[in-house]
**Student:** 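Below is one structure. I have some questions about it.
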Amino acid sequence: MILPNLEQNVPLAPFTTLGVGGPARFFVRATSVDEIRAALDWAKNESLPVFILAGGSNLLISDNGFKGLVIKIDLRGVTIESEDEYAMVKVAAGESWDDFVRSAVENQWAGIECLSGIPGSAGATPIQNVGAYGQEVSETIARVEAFDRNEGIVKWLTNWDCRFAYRSSLFKTVERERFIVLSVTFRLKRDGVATVRYPELQKFIDERGTSLDDLLGVREAVIAIRKRKGMVLDRNDPDTRSDGSFFMNPIVPPRDDVPSFPAGNDLVKLSAAWLIEHAGFHKGFTHGNAGLSTKHTLAIINRGGATAREVLELVEMIQSRVRETFGVDLQPEPNFVGFD
């Protein structure tokens, strides 16, 4: 069979925020469910592995690239399905996440304002259960439309079906290779107030005199804080050439030797950034052309010309030192692609 728009040996680094990685042997952009289905069928006929590429903001791609077919999800469209007390808004997987957050804030739809400034696509947010500054997307996701690769059909999954947990979902765990997210429907409070649970953000908006019903003001405060940490993409700032927060905050039984925060179920959450710093890694630490942000130790950056090997060596160095110092295993948040 012939696959329209099929490309070969396409560099993948430009599709990622980290800017690292080799080429895709085969590459296709999918703008519809039918194109996704055709691409999957073609790969099956050719006995090739498949990787689904979304916004590229949470990836570490091997220097050897990906030896199969990369399907870039490019579905578009935002649909307001209903508006009463809540706005039910369906967002296609290929839409820019931050563009949608900005639109929600402008429409006075509350619930995702603290997730401003996060790069990537809307379709990736339920996979990681994206969260920041006290909010998680799982709080507002009503349902997820996904293509079931096992059965070859489109399914709707409820919030409960998605099995959301801290930075996780069934799309990332038990059904990792099964579903391709097509759209996400959000349930947002009309004319609502911002949900601010994070002390740093609360202090910032108090200093600015920002009201919680000023969603735009809260969004601007979040972006300002993220910029201070190099967490908003900026071509002129090498600290933003990253995957954002590279490690998840560990959730462990209570302990008294490190700062912690309640995480429910008699567990506590530790600051991965604190652990990294106190294990001996300072802001701006370098390893070849990779390193840590000069603004935030939780961000591993491409200082210019970094290889995936250098990034992986730095990751393993940090994990080893934190384990030796605190007995804690740091888990990376990005997906690793093309590694043996």
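What's counted below: heavy atoms across the whole structure, side chains too, no hydrogens, waters or symmetry copies.
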**Student:** Find out whether Val268 and Phe261 are in side-chain contact, i.e. whether some heavy atom of one side chain is under 4.5 Å from a heavy atom of the other.
**Tutor:**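 They are not in contact (no side-chain heavy atoms under 4.5 Å apart), so the answer is no.
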
**Student:** With side chains defined as the heavy atoms from C-beta onward, is the minimum distance between Ser183 and Trp156 less than 4.5 Å?
**Tutor:**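 Yes. Closest side-chain heavy atoms under 4.5 Å.
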
**Student:** Judged by atom type as modelled, is there a donor-acceptor pair below 3.5 Å linking the side chain of Thr185 to the main-chain atoms of Ala142?
**Tutor:**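 A pair under 3.5 Å: no.
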
**Student:** Hey, could you give me the CZ/CG distance between Arg255 and Leu270, rounded to the nearest 0.5 Å?
**Tutor:**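 Those atoms lie 6.5 Å apart.
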
**Student:** NZ of Lys283 to CG of Leu292: how many Å apart, nearest 0.5 Å?
**Tutor:**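 Going from NZ on Lys283 over to CG on Leu292, the span is 11.0 Å.
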
**Student:** Taking all non-hydrogen atoms of both residues, which atom of Ala24 and which atom of Val70 are closest, and how far apart?
**Tutor:**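 Shortest heavy-atom contact: CB-CG2, 3.5 Å.
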
**Student:** Is the CZ atom of Arg187 crowded by more than 12 outside heavy atoms at less than 6.0 Å?
**Tutor:**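 No - once you tally the heavy atoms of other residues, nucleotides and ligands closer than 6.0 Å, there are 12 at most.
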
**Student:** So, Glu113 side chain and Thr195 main chain: donor-acceptor pair closer than 3.5 Å or not?
**Tutor:**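 Present.
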
**Student:** How many angstroms lie between OG1 in Thr297 and CD in Glu277, if you round to the nearest 0.5 Å?
**Tutor:**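 Separation between the atoms: 3.5 Å.
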
**Student:** Just by modelled atom types, is the Ala165 backbone N or O under 3.5 Å from a matching donor or acceptor in the Asn129 side chain?
**Tutor:**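 Present.
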
**Student:** For residues Val137 and Leu188: do they belong to one hydrophobic cluster (side chain heavy atoms under 4.5 Å, members Ile, Leu, Val, Met, Phe, Trp, Tyr)?
**Tutor:**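 Yes, one cluster joins them.
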
**Student:** Is it true that Trp274 and Phe326 have ring centroids separated by less than 6.0 Å?
**Tutor:**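 Yes, the ring centres sit under 6.0 Å apart.
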
**Student:** Atom CD of Glu177 and atom CD1 of Ile52: how far apart are they, to the nearest 0.5 Å?
**Tutor:**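 The CD1 atom of Ile52 is 9.0 Å from CD of Glu177, to the nearest 0.5 Å.
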
**Student:** Could you tell me whether the side chain of Gln135 and the main chain of Cys114 form a donor-acceptor pair under 3.5 Å?
**Tutor:**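 At least one qualifying donor-acceptor pair exists.
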
**Student:** Is there side-chain contact between Ile71 and Ile73, with at least one heavy-atom pair below 4.5 Å?
**Tutor:**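 Ile71 reaches Ile73 side chain to side chain.
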
**Student:** Phe186 and ring-ring contact (aromatic ring centres under 6.0 Å, His included): which partner among Tyr86, Trp109, Trp97?
**Tutor:**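 The option that passes is Trp97.
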
**Student:** Are any of the side-chain nitrogens in Arg228 or Asp239 under 4.0 Å away from the carboxylate oxygens of its partner?
**Tutor:**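 No.
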
**Student:** Any donor-acceptor pair under 3.5 Å linking the side chain of Thr294 with the backbone of Gly284?
**Tutor:**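 Checking the backbone N and O of Gly284 against the side chain of Thr294, no donor-acceptor pair under 3.5 Å is found.
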
**Student:** Do Arg163 and Glu175 sit within salt-bridge range, that is, some charged N less than 4.0 Å from a carboxylate O?
**Tutor:**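 So Arg163 does not pair with Glu175 through a salt bridge.
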
**Student:** CD of Gln331 to CG of Asn249: how many Å apart, nearest 0.5 Å?
**Tutor:**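 Nearest 0.5 Å value for the CD-CG distance: 12.5 Å.
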
**Student:** For Asp213 and Ser211, test the side chains for any donor-to-acceptor distance below 3.5 angstrom and give the result as yes or no.
**Tutor:**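 A donor-acceptor contact under 3.5 Å links the two side chains.
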
**Student:** Any carboxylate oxygen within less than 4.0 angstrom of a Lys/Arg side-chain nitrogen, looking at Arg178 and Glu151?
**Tutor:**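 Salt bridge between Arg178 and Glu151, a charged N being under 4.0 Å from a carboxylate O: yes.
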
**Student:** Considering only NZ, NE, NH1 and NH2 on the basic side and carboxylate oxygens on the acidic side, decide whether Arg143 and Glu81 come within less than 4.0 Å.
**Tutor:**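 Counted as a salt bridge, because a side-chain N and a carboxylate O are separated by less than 4.0 Å.
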
**Student:** Does some side-chain heavy atom of Leu40 sit less than 4.5 Å from a side-chain heavy atom of Ile180?
**Tutor:**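 They are in contact (side-chain heavy atoms under 4.5 Å apart), so the answer is yes.
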
**Student:** Could you check if a side-chain atom of Leu330 sits within less than 4.5 angstrom of a side-chain atom of Ile276, using non-hydrogen atoms only?
**Tutor:**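 Result yes, sub-4.5 Å side-chain heavy-atom pair found.
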
**Student:** Checking side-chain hydrogen bond (donor to acceptor under 3.5 Å, both in side chains) between Arg219 and each of Thr210, Asp98, Asp214, which is the one that passes?
**Tutor:**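 Only one of Thr210, Asp98, Asp214 forms a side-chain hydrogen bond (donor to acceptor under 3.5 Å, both in side chains) with Arg219, namely Asp98.
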
**Student:** Are Met231 and Val130 linked, directly or through intermediate hydrophobic residues, by side-chain heavy-atom contacts shorter than 4.5 Å (ILVMFWY only)?
**Tutor:**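 As far as the 4.5 Å side-chain criterion goes, Met231 and Val130 are not connected within one cluster.
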
**Student:** Looking at Phe15 versus Phe27, is the centre-to-centre ring distance below 6.0 Å?
**Tutor:**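 Between Phe27 and Phe15, which both carry aromatic rings, the centre distance is below 6.0 Å.
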
**Student:** Under a 4.0 Å threshold between the charged nitrogen and the carboxylate oxygen, would Glu200 count as salt-bridged to Lys229?
**Tutor:**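 Looking at Lys229 and Glu200, the cut-off is met.
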
**Student:** Is Asp237 salt-bridged to Lys295, going by a charged N under 4.0 Å from an acidic O?
**Tutor:**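 Yes.
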
**Student:** Kindly say whether Thr158 contributes a backbone atom to a donor-acceptor pair with the side chain of Asp161 at under 3.5 angstrom?
**Tutor:**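 Yes: the side chain of Asp161 pairs with the backbone of Thr158.
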
**Student:** Does the ring centre of Phe26 sit less than 6.0 Å away from the ring centre of Trp42?
**Tutor:**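 Yes, they do, as the ring centres are separated by less than 6.0 Å.
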
**Student:** How about Val258 and His278: do any of their side-chain heavy atoms sit closer than 4.5 Å?
**Tutor:**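 No - every pair of side-chain heavy atoms lies 4.5 Å or more apart.
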
**Student:** With a 4.0 Å cut-off, would you call Arg37 and Asp34 a salt bridge?
**Tutor:**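 Between Asp34 and Arg37 there is a salt bridge, with a charged N closer than 4.0 Å to a carboxylate O.
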
**Student:** Taking Ser245 for the side chain and Phe247 for the main chain, is one N or O donor matched with an acceptor at less than 3.5 Å?
**Tutor:**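 Not at all, since once roles are kept as given, no pair shorter than 3.5 Å links the two residues.
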
**Student:** Would you call Arg102 and Asp99 a salt bridge, taking side-chain N to carboxylate O under 4.0 Å as the test?
**Tutor:**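 Yes.
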
**Student:** How many angstroms lie between atom CG of Leu182 and atom CG of Leu75, to the nearest 0.5 angstrom?
**Tutor:**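 If I round to the nearest 0.5 Å, the distance is 6.0 Å.
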
**Student:** Between Lys72 and Ala54 (side chain of the first, backbone of the second, donor and acceptor by atom type, cut-off under 3.5 Å), is there such a pair?
**Tutor:**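 Judged by distance alone, yes, a pair lies under 3.5 Å.
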
**Student:** Hey, is the main chain of Gly19 close enough, under 3.5 Å, to the side chain of Asn302 for a donor-acceptor pair?
**Tutor:**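 Yes, Asn302 side chain to Gly19 backbone: donor-acceptor pair under 3.5 Å.
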
**Student:** Please indicate whether Arg197 has more than 12 foreign heavy atoms, meaning atoms of other residues, nucleotides or ligands, lying under 6.0 Å from its CZ.
**Tutor:**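 It does: Arg197 CZ has more than 12 such atoms within range.
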
**Student:** State, to 0.1 Å, how close Ala92 and Arg76 come at their nearest heavy-atom pair, and which atoms those are.
**Tutor:**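 Taking every non-hydrogen atom into account, CB-C, 3.3 Å.
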
**Student:** Donor-acceptor check, side chain of Thr240 to backbone of Asp234, threshold 3.5 angstrom: yes or no?
**Tutor:**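 Looks like yes, one N/O pair under 3.5 Å.
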
**Student:** For a quick test of reading the model, state the closest non-hydrogen atom pair linking Pro126 to Phe171 and the distance between them.
**Tutor:**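 Answer, listing the atom of Pro126 first, then Phe171: O-CD1, 4.1 Å.
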
